[in-house]
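Lettering of chains follows the sequences in order, A, B, ..., and the numbering in each one begins at 1.
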Number of protein chains: 2
Amino acid sequence: MDKKALFFKCVSFTTSVHRVTHELTQNAKSDSITPVQYSILEYITVSQPVTLSDISDCQHISMPNTSREVKKLSEKNLIEKISDTEDRRKQYIRLSKDGEIMMNEAFACVESRFQNRIQNASKEDLEDIERALDILQTKLFYK
Amino acid sequence: MDKKALFFKCVSFTTSVHRVTHELTQNAKSDSITPVQYSILEYITVSQPVTLSDISDCQHISMPNTSREVKKLSEKNLIEKISDTEDRRKQYIRLSKDGEIMMNEAFACVESRFQNRIQNASKEDLEDIERALDILQTKLFYK
DNA sequence: TGATTTTGTTATCAAATGATAAGTAATGGG
DNA sequence: CCCATTACTTATCATTTGATAACAAAATCA
């Protein structure tokens with residue numbers, strides 16, 4: 001297989017990933033937040049504590065807009081801002097108790113759908129999947 | 001590795017896929033269309049000919065909004081609508097010449113970045129990647 | 001110390017997107 | 001033929017998101 005063919009295979013693959021991700025995550029999030037706010041919360045969940053700049057960089061949202069959305073999340077009591085004692089310009093952000101509860105529910109919903117998707121996989125299949133994830137993560141979807 | 005750990009590995013993996021996809025595709029699209037319009041064009045490109053209902057279903061956009069966006073694409077001469085001779089309610093949609101040119105350019109841009117990403121991969125790496133893509137596509141990200 | 005950079009905020013505006021109601025035209029089933 | 005359904009359209013409105021300018025405070029650097 002030449003590199004061009006690999007490219008097309010990869011395009012088709014990423015399309016599948018996006019489709020399945022959508023399938024697993026749709027309606028998993030609370031109605032009280034917008035899609036962008038959810039993606040910010042998701043990022044905070046897996047990377048906390050993070051700064052506003054981290055969110056802005058990683059989610060590709062401008063600083064003013066990041067500030068606005070984070071403020072809204074803060075007003076909804078889903079996150080907490082903690083000032084850095086070293087550098088007082090910085091603010092570390094992490095989930096509040098309420099935020100944790102909300103994200104736990106969302107993740108539980110997604111996970112149950114995920115488990116459902118792999119319920120028919122054999123032990124060998126699961127091992128294959130795990131190996132494949134590792135290979136792609138290190139060789140193709142690396143940072 | 002238990003299924004729960006596999007779930008988290010998978011979450012982390014899909015996050016990487018989304019990040020890399022964004023990296024490869026950013027600014028690849030023409031400025032004359034919106035992100036949603038681009039995703040519609042992308043879908044048409046790989047699945048043409050498609051009906052409005054197909055687009056609506058697969059892209060998760062309501063029919064009225066799909067109709068509006070497709071109309072805009074049509075006004076920009078990027079697509080063509082062809083009435084079905086069997087069922088005159090249906091319209092098959094495909095890229096116009098201009099639309100093909102635009103999508104070829106966009107895909108070329110994405111592909112060059114992709115090739116750049118795998119330029120240091122050995123022959124064995126590429127084979128590993130291909131196998132891994134196949135495994136995940138059939139065992140995890142299947143329809 | 002004074003200038004510059006970094007980190008974040010506020011305000012404002014335009015554009016993109018989502019949601020809904022109401023409608024047309026063609027099809028198909030009884 | 002009549003009625004329900006399907007495929008799509010038009011119009012309208014609210015919300016979300018993106019972009020920009022102008023600002024403040026703290027840190028860093030020369």
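Rounded to whole Å, the distance from CG on A:N65 to C1' on C:dT12 is 12 Å. Rounded to an integer number of Å, the gap from A:D54 CG to C:dT6 P is 15 Å. For the pair B:I55 CD1 and D:dT9 P, the interatomic distance rounds to 10 Å; values are reported in whole Å. For the pair A:Y38 OH and D:dT17 P, the computed distance is 14 Å after rounding to whole Å. Between the P atom of C:dA16 and the NZ atom of B:K29 lies a distance of 9 Å, rounded to the nearest Å. Between the CG atom of B:D84 and the C1' atom of D:dT6 there is a distance of 13 Å, rounded to whole Å. What separates CZ of B:R88 from C1' of C:dT24 is a distance of 13 Å, to the nearest Å. Atom CE in B:M63 sits roughly 20 Å away from atom P in D:dT12 (whole-Å rounding).
Take the nearest nucleotide of DNA chain D for B:T66 and for A:E86: the residue whose nucleotide is more 5' is B:T66. Both A:T85 and A:H60 lie close to DNA chain D; mapped to their nearest nucleotides by heavy-atom distance, the more 5′-ward contact belongs to A:H60.
A rotation axis mapping the C1' atoms of four pairs onto the next four is fitted at both ends of the helix from C:dT1-D:dA30 to C:dG30-D:dC1 over five pairs, and the angle between these axes is 30° to 10 degrees.
Distances shorter than 4.0 Å separate none of the side-chain N or O atoms of B:S67 from OP1 or OP2 on D:dT10. Neither OP1 nor OP2 of D:dA7 sits under 4.0 Å from any side-chain N or O of B:K81. Of the side-chain N and O atoms in A:T34, none sit less than 4.0 angstrom from OP1 or OP2 of D:dT15. Checking the phosphate oxygens (OP1, OP2) of C:dT10, a side-chain nitrogen or oxygen of A:K71 falls inside 4.0 Å.
On a pure distance criterion of 3.5 Å, no polar donor-acceptor pair joins the side chain of B:D87 and the base of D:dA7. Residue side chain B:R68 reaches the base of C:dG18 through a donor-acceptor N/O pair under 3.5 Å, judged by distance alone.
Ion pairing between a basic and an acidic side chain is recognised when a charged N comes within 4.0 Å of a carboxylate O; B:D128 and B:R131 show such pairing.
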**Request:** Any chance you could lay out the salt bridge (charged side-chain N to carboxylate O under 4.0 Å, His left out) test for B:E127 and B:K123, step after step, and finish with the verdict?
**Result:** CA-CA 6 Å; B:E127 282 165 8; B:K123 197 165 179 306; 3.2 Å; yes

**Message:** Evaluate A:I79 against A:I40 for side-chain contact (heavy atoms from CB on, under 4.5 Å), listing each step before the verdict.
**Reply:** CA-CA 11 Å; A:I79 59 163; A:I40 291 174; over 6 Å; no

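Checked by atom type and distance alone, the side chain of B:H22 never pairs as donor or acceptor with a backbone atom of B:H18 at under 3.5 Å. Not one N or O on the side chain of B:T66 forms a donor-acceptor pair closer than 3.5 Å with the backbone of B:L52. A donor-acceptor pair under 3.5 Å is formed between the side chain of B:T138 and the backbone N or O of B:I135.
When distances are taken from the side chain of B:P35 to each of C:dT17, D:dA26, C:dG18, the shortest belongs to C:dT17. For A:R89, whose side chain is taken as the heavy atoms from C-beta onward, the closest listed nucleotide among D:dT9, C:dT27, D:dA26 is D:dA26. Which of D:dA19, D:dC8, C:dT7 sits closest to the side chain of A:S62 comes down to D:dA19. Among C:dT10, C:dT17, D:dT16, the nucleotide with an atom closest to any side-chain atom of A:P64 is C:dT10.
Counting non-hydrogen atoms under 4.0 angstrom, A:T51 reaches the backbone sugars and phosphates but no base. Residue A:Q37 is classed as having no contact, given no heavy-atom separation below 4.0 Å to the nucleic acid.
Nearest heavy atom pair, residue B:L24 against residue B:R117, reads CD2-NE, 4.5 Å.
For the residue pair A:Q119 / A:Q115, no side-chain donor-acceptor distance below 3.5 Å is found, with atom types taken as modelled.
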